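To keep things clear, I will list the structure first and then write my remarks on it.
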Amino acid sequence: MTFGEILSKYYTFIFIMVVLLYTIAFNKRMYQKVRVHFWVLIALVILEAICSGAETYCAAQPYRTIWRSVFSSLCYILRPSIMYALLLIIVRDDPGKRKALYGIPLLVIALLLLADIPYSYCLIYTFSEANFFSTGPLFFLTYGILLLYLLLIIILTIVKCNFSLELGEWLSIFIGIAFILLNIAGERFIPGFTGGNSENATALAILLYAIHFKSIEDHRERKILETTELKTGLLNENACITRLNGLIGKGNSHEYAAVFFDLERFGLINDRYGMEIGNRVISEYAAILGGMVREDEILARQGGDRFIAVVLQRNLDLILAQIASTRVRFNQGGMDYDITISAHVGVYRIDRDDYSGEEIISNANTALNYGKGAGNSVTYMTPELKIALKDEKQYASDIPVAMANGEFVAYYQPKVNSRTNMLCGAEALVRWSRNGKLIPPGKFIPIMETKDLMCDMDFYMLRRVCSDISGWIERGLVPPTVSVNFSRRNLSNDHLAEDIDAVVKEYHVPKKMIEIEITETIDEFPISVLKNFVDDLHRLGYKVAVDDFGSGSSSLSLLREVTFDTLKIDKGFVDRAYAKDLAILSHMIKLAKAIGLETLAEGVEQREQVDTLLSLGCEIIQGYYFDRPLPKESFEGRIINRRYKVEQS
């Protein structure tokens with residue numbers, strides 16, 4: 001054999017194997033991620049070399065044999081198969097459908113080659129009786145598919161590297177293309193050098209990938225870091241939005257629903273088991289949900305205990321059932337953990353094609369936040385809720401302006417001694433008068449609480465009450481003590497009592513005519529903060545009432561630590577007439593009297609309730625039975641005529 005014949009027969013296989021082994025040896029960290037793909041690739045290369053050697057042996061025979069046809073077809077199939085396997089390494093992150101699409105040319109050429117084995121069609125090639133090779137009308141496809149895959153490998157290599165190749169890498173691509181051209185020239189100018197174009201194209205593809213292997217994998221890692229939430233392996237919020245925008249672009253987003261959810265009391269899991277176990281729980285939880293999400297759906301973690309899913313509406317109920325209660329079980333450090341997780345959920349059934357991904361997720365998030373405030377486990381973004389939220393947004397922007405314009409007024413709900421039926425006090429309640437109409441408190445009070453406007457409103461109301469009382473005194477009237485509510489949020493003000501006193505002094509109102517009411521529930525502040533505030537008010541000469549007593553979880557400890565003047569019994573105890581509730585109510589009133597507190601029942605609407613409260617020792621009543629909240633002018637009439645005419649039972 002001449003040197004050219006030896007070179008033509010063996011150099012391609014040796015060259016490919018050297019390149020592959022070099023890639024494994026010098027890029028071990030990267031190779032670990034694709035080792036299965038690599039061994040498949042090596043197996044195909046070895047198999048192709050065996051088939052090529054067998055075909056060469058058969059070609060040396062003086063007669064035609066079916067085995068030469070078999071081995072020839074296998075060689076022509078295995079060479080593009082090697083390139084397809086290489087292509088799958090490059091695009092392994094792409095969707096399965098796209099990867100399958102890349103395999104269609106290989107499937108077509110394989111079917112044509114297999115059809116040629118029995119010498120039936122002679123589409124690609126054939127052998128004469130004397131064992132001479134001749135091409136068929138479609139022989140060009142054997143080269144065409146290799147050039148197609150080579151072109152795809154070059155293009156996708158550049159794309160996967162985000163077009164950020166260095167100069168040397170760009171040169172390697174152009175040198176590789178020149179390699180093929182020189183190989184073709186070699187057939188003409190090197191004696192004995194025949195064929196080899198298909199083998200060399202395969203070798204070139206592998207060489208190019210080897211050169212750019214690290215660049216491709218580095219870019220893939222960067223992309224993963226940019227799009228993945230590392231603790232769970234789920235998409236992060238930005239990647240979720242990108243995927244969602246892709247769904248929108250397909251025009252079928254109305255088939256999907258966006259689900260925004262956060263885990264209930266997950267902080268307690270971290271507190272109980274520690275952050276390491278908490279992270280494991282999150283990871284296992286994400287894996288369970290991820291197993292339910294289809295390839296054409298989305299699951300992402302926004303961060304902390306908040307997740308986003310975009311699922312087909314026909315699968316929505318199944319996903320919501322899983323989110324409602326997910327059992328996470330695993331073993332770590334020799335210990336078994338079994339934790340059930342539930343979540344608050346906001347759902348938006350996508351009903352518009354012109355929303356962006358951000359707007360869709362925002363709708364679900366808004367539903368979640370609204371539902372959590374209302375105590376709902378699952379809240380759907382509906383047209384009605386959108387209108388309500390739009391009104392809330394408008395109110396939120398209007399409230400500061402309305403305060404500046406004096407649109408908020410004080411209504412006074414009388415407090416009546418039910419034994420004498422005489423007016424003995426009142427509670428000031430805020431009402432919003434806009435354009436001659438009253439806006440219900442339920443429309444704006446929750447907004448004030450979420451927008452941190454309650455503290456400003458409390459002092460606004462104190463000024464209105466003091467102004468009204470001052471006006472009544474100037475007219476010779478003797479108003480009763482008026483209770484003014486102060487939100488627990490005010491307790492962050494270290495000089496709260498002094499600030500209240502300054503307002504009362506500004507209007508020259510006697511301190512005995514102002515009572516400060518504060519709700520029992522003060523979860524965000526220690527009881528000691530409330531105690532200091534109440535003590536300061538007593539020192540300055542004011543009485544203090546605790547509102548909604550019995551609705552919180554620390555009622556008795558509150559009474560033990562803080563010295564109030566009046567205990568306002570929560571409406572919930574007044575409404576119920578069951579024996580258990582009456583027993584609690586009776587002991588509550590007795591306890592208040594035993595420690596020197598005056599009791600007042602609010603929300604009283606029926607004569608039977610009045611009689612029950614009287615029999616239990618609670619005389620002061622506030623509620624619709626005697627009077628609704630009254631505007632200033634109507635309440636003046638009550639100050640003048642304090643006696644209520646009521647039917648005695």
Side-chain angles (χ1 to χ4, degrees), residues 409-431 438 440-442 445 461 465 468-469 472 477-485 513 515 517-520 543 545-551 555 564-593 597-649:
V409 295
Y411 270 50
Y412 298 89
Q413 184 165 33
K415 300 174 184 178
V416 180
N417 186 313
S418 59
R419 289 199 184 277
T420 63
N421 295 326
M422 294 290 291
L423 175 71
C424 61
E427 179 182 4
L429 301 170
V430 63
R431 295 293 184 266
L438 285 181
I445 293 294
M461 283 296 294
V465 170
D468 289 346
I469 292 175
W472 290 326
L477 301 177
V478 182
T481 299
V482 177
S483 299
V484 181
N485 289 284
M513 292 185 176
E515 180 182 56
E517 255 185 47
I518 191 160
T519 183
E520 175 201 352
K543 289 186 175 183
V546 57
D547 196 11
D548 299 330
F549 185 79
S551 62
S555 301
F564 293 103
D565 300 287
T566 302
L567 186 150
K568 293 187 71 173
I569 299 169
D570 184 69
K571 185 179 186 295
F573 290 97
V574 175
D575 286 342
R576 298 180 181 180
Y578 300 112
K580 184 177 180 180
D581 296 288
L582 291 175
I584 295 172
L585 183 59
S586 174
H587 284 83
M588 196 183 297
I589 294 169
K590 289 178 182 178
L591 174 62
K593 287 188 174 183
L597 298 184
E598 185 179 74
T599 57
L600 180 151
E602 55 184 342
V604 179
E605 299 180 1
Q606 301 171 9
R607 182 67 214 184
E608 292 80 3
Q609 294 173 328
V610 175
D611 293 339
T612 299
L613 289 163
L614 271 173
S615 68
L616 296 176
C618 179
E619 300 177 352
I620 310 302
I621 302 298
Q622 179 182 338
Y624 284 10
Y625 176 74
F626 283 106
D627 245 333
R628 294 174 177 270
L630 302 173
K632 173 185 173 183
E633 295 76 13
S634 299
F635 187 63
E636 284 182 10
R638 285 298 178 194
I639 296 175
I640 297 170
N641 183 11
R642 298 190 175 216
R643 181 176 296 278
Y644 281 82
K645 295 180 180 180
V646 296
E647 295 181 3
Q648 299 296 325
S649 60

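Keep in mind that what you see is a predicted model, and the values were worked out from it rather than measured.
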Handout entry: Evaluation steps, side-chain contact (heavy atoms from CB on, under 4.5 Å), between Ile589 and Ile569
Key = CA-CA 9 Å; Ile589 294 169; Ile569 299 169; 3.8 Å; yes

Exercise for the section: Answer yes or no: is there a side-chain heavy-atom contact under 4.5 Å between Val430 and Ile445? Expected result: yes

Handout entry: Counterpart residues, side chain to side chain donor-acceptor pair (under 3.5 Å), relative to Tyr411 (two or more places apart)
Key = none

Problem - Atom pair NZ/CG of Lys593 and Leu567 - distance to nearest 0.5 Å - result: 12.5 Å

Completion exercise
In Glu598, Glu515, Glu602, Glu619, the residue satisfying salt bridge (charged side-chain N to carboxylate O under 4.0 Å, His left out) with Lys415 is Glu515

Fill in the blank from the handout: Smallest heavy-atom separation, Asn485 atom then Glu517 atom, equals OD1-OE1, 3.0 Å

Handout entry: Listed once per pair and sorted, the ring pair (Phe, Tyr, Trp, His ring centres under 6.0 Å) pairs that draw on residues 603-623, sequence neighbours left out
Key = none

Practice task
Indicate yes or no: at least one non-hydrogen side-chain atom of Phe626 is less than 4.5 angstrom from one of Asn421.
Solution key: yes

Problem - Non-hydrogen side-chain atoms of Tyr625 and Ser418 separated by less than 4.5 Å - result: no

Fill in the blank from the handout: In short, Ala545 meets Phe564 closest at the heavy-atom pair C-CD2, 4.2 Å

Problem - Atom pair CG/CZ of Asp611 and Arg607 - distance to nearest 0.5 Å - result: 4.5 Å

Exercise for the section: Could you check if a side-chain atom of Thr566 sits within less than 4.5 angstrom of a side-chain atom of Thr599, using non-hydrogen atoms only? Expected result: no

Handout entry: Leu597 and Leu591, any side-chain heavy atoms less than 4.5 Å apart
Key = no

Completion exercise
Rounded to the nearest 0.5 Å, the CG atom of Leu616 sits from the NE2 atom of His587 at a distance of 10.5 Å

Practice task
May I ask you to test the Pro631-Val409 pair for a side-chain heavy-atom distance under 4.5 Å?
Solution key: no

Fill in the blank from the handout: Heavy-atom nearest pair, Pro414 first then Gln622, reads O-CG, 3.7 Å

Exercise for the section: Taking all non-hydrogen atoms of both residues into account, name the closest pair between Arg638 and Leu630 and its distance. Expected result: CG-CD1, 3.9 Å

Exercise for the section: Report the distance from atom CD of Glu633 to atom OH of Tyr412, rounding to the nearest 0.5 Å. Expected result: 10.0 Å

Exercise for the section: Can you measure from CD1 (Ile639) to OG (Ser634) and round to the nearest 0.5 angstrom? Expected result: 11.0 Å

Exercise for the section: Quick one: which residue pairs count as a salt bridge (charged side-chain N to carboxylate O under 4.0 Å, His left out) with a foot in residues 422-431, not counting sequence neighbours? Expected result: Glu427-Lys568

Exercise for the section: Indicate yes or no for a side-chain donor-acceptor contact from Thr612 to the backbone of Glu608 under 3.5 Å, with no hydrogens or angles considered. Expected result: yes

Exercise for the section: Supply the atom-to-atom distance Gln609 CD to Lys571 NZ, rounded to the nearest 0.5 angstrom. Expected result: 7.5 Å

Practice task
Would you check if Asp627 and Val416 make a side-chain contact, meaning some heavy-atom pair closer than 4.5 Å?
Solution key: no

Exercise for the section: Identify the heavy atoms of Ala601 and Val604 that sit nearest to each other, and give their distance. Expected result: O-CG2, 3.8 Å

Exercise for the section: Check the angle between the aromatic planes of Trp472 and Phe635 and answer parallel, tilted or perpendicular using the 30° and 60° thresholds. Expected result: tilted

Practice task
Indicate yes or no: at least one non-hydrogen side-chain atom of Cys424 is less than 4.5 angstrom from one of Ile620.
Solution key: yes

